[in-house]
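Working notes, structure below.
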Amino acid sequence: MDPLAQLNDIQTPSGVDWWPLAWGWWAVIALALLIIVLTARAWYRHRQFTKAKREALATLATFSSEPAQAAVNTNQLLKRVAKHYFGAEAVSALYGDKWLQFLQRTVSNKHAASMATGLEVMIGKVYQQSLCSDAEASDIFTAASVWLKQANLKQIPGETTTVESQGASNV
């Protein structure tokens with residue numbers, strides 16, 4: 001009797017399945033999901049933070065249809081944006097040279113020099129009866145656009161006040 005005839009065929013092992021995953025892959029997946037969630041949250045917060053600035057730029061574009069009122073309209077717009085980002089306490093009382101200095105301090109020196117003329121014209125024309133010429137209006141719009149795009153805007157988190165929070169604090 002042949003001893004080799006009694007042997008069974010060689011059975012090859014089954015292939016390694018990809019499921020269930022090893023704990024290392026679960027850690028990689030969890031880390032990737034965490035990074036995606038944190039990135040999405042940061043992007044959303046940035047979009048919310050810059051929403052006022054984007055709306056102000058859109059509003060500024062509509063002001064070009066009435067250049068005679070450029071100084072008044074642009075000053076009001078810049079004041080609203082500054083109040084939103086820096087707080088009413090820091091901005092409301094500013095006017096004239098102090099307002100001009102504030103606007104120039106919030107941008108880099110390079111940009112402050114490029115918008116100085118337009119801001120000076122705006123500050124000078126805000127409380128005057130005389131209307132702006134087209135050239136003055138162009139300088140004002142350019143300066144306001146530079147400020148809105150280049151200003152170092154900062155808002156202290158948690159200090160935005162709404163009607164609901166004011167009502168709750170008075171109770």
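Two residues are said to be in side-chain contact when any heavy atoms from C-beta on lie closer than 4.5 Å; Phe63 and Ile140 fail this criterion.
Residues meeting the side-chain contact (heavy atoms from CB on, under 4.5 Å) test with Thr39, sequence neighbours left out: Ile35. Legend: residues meeting side chain to side chain donor-acceptor pair (under 3.5 Å) with Thr50, ordered by chain and number and at least two apart, are Arg54. Under the side chain to side chain donor-acceptor pair (under 3.5 Å) criterion, Asp139 pairs with no residue, sequence neighbours left out.
The shortest heavy-atom contact between Thr62 and Ser65 is O-OG, 3.0 Å. Taking all atoms of both residues into account, the shortest heavy-atom contact from Ala52 to Val81 is O-CG2, 4.5 Å. The nearest pair of heavy atoms linking Leu153 to Phe49 is O-CZ, 3.7 Å. Nearest approach of Cys132 to Pro67, heavy atoms of both residues: CB-O, 3.4 Å. Taking all atoms of both residues into account, the shortest heavy-atom contact from Leu131 to Lys125 is O-NZ, 3.7 Å. Residues Leu60 and Ser145 approach most closely at CD2-N, 3.6 Å, considering heavy atoms.
Checking side-chain atoms of Thr142 against main-chain N and O of Ser138 turns up a donor-acceptor pair under 3.5 Å. Under a 3.5 Å cut-off, the side chain of Lys79 and the backbone N or O of Leu94 do form a donor-acceptor pair.
From Phe141, atom CZ reaches atom CG of Asp134 across 9.5 Å, with rounding to the nearest 0.5 Å.
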Could you give the side-chain donor-acceptor pairs of residues 22-30 under 3.5 Å, partners two or more places apart or in another chain?
residue : atom : partner : partner atom : Å
Trp26   : NE1  : Leu21   : O            : 3.4

Distance-only check: which donor-acceptor pairs under 3.5 Å involve side-chain atoms of residues 8-15, not counting sequence neighbours?
none

Got a list of side-chain donor-acceptor pairs under 3.5 Å for residues 98-121, not counting sequence neighbours?
residue : atom : partner : partner atom : Å
Trp99   : NE1  : Asn75   : OD1          : 2.7
Thr106  : OG1  : Phe102  : O            : 3.4
Thr106  : OG1  : Leu103  : O            : 2.9
Thr106  : OG1  : Trp147  : NE1          : 2.7
His111  : NE2  : Gln150  : OE1          : 3.4
Ser114  : OG   : His111  : O            : 2.8

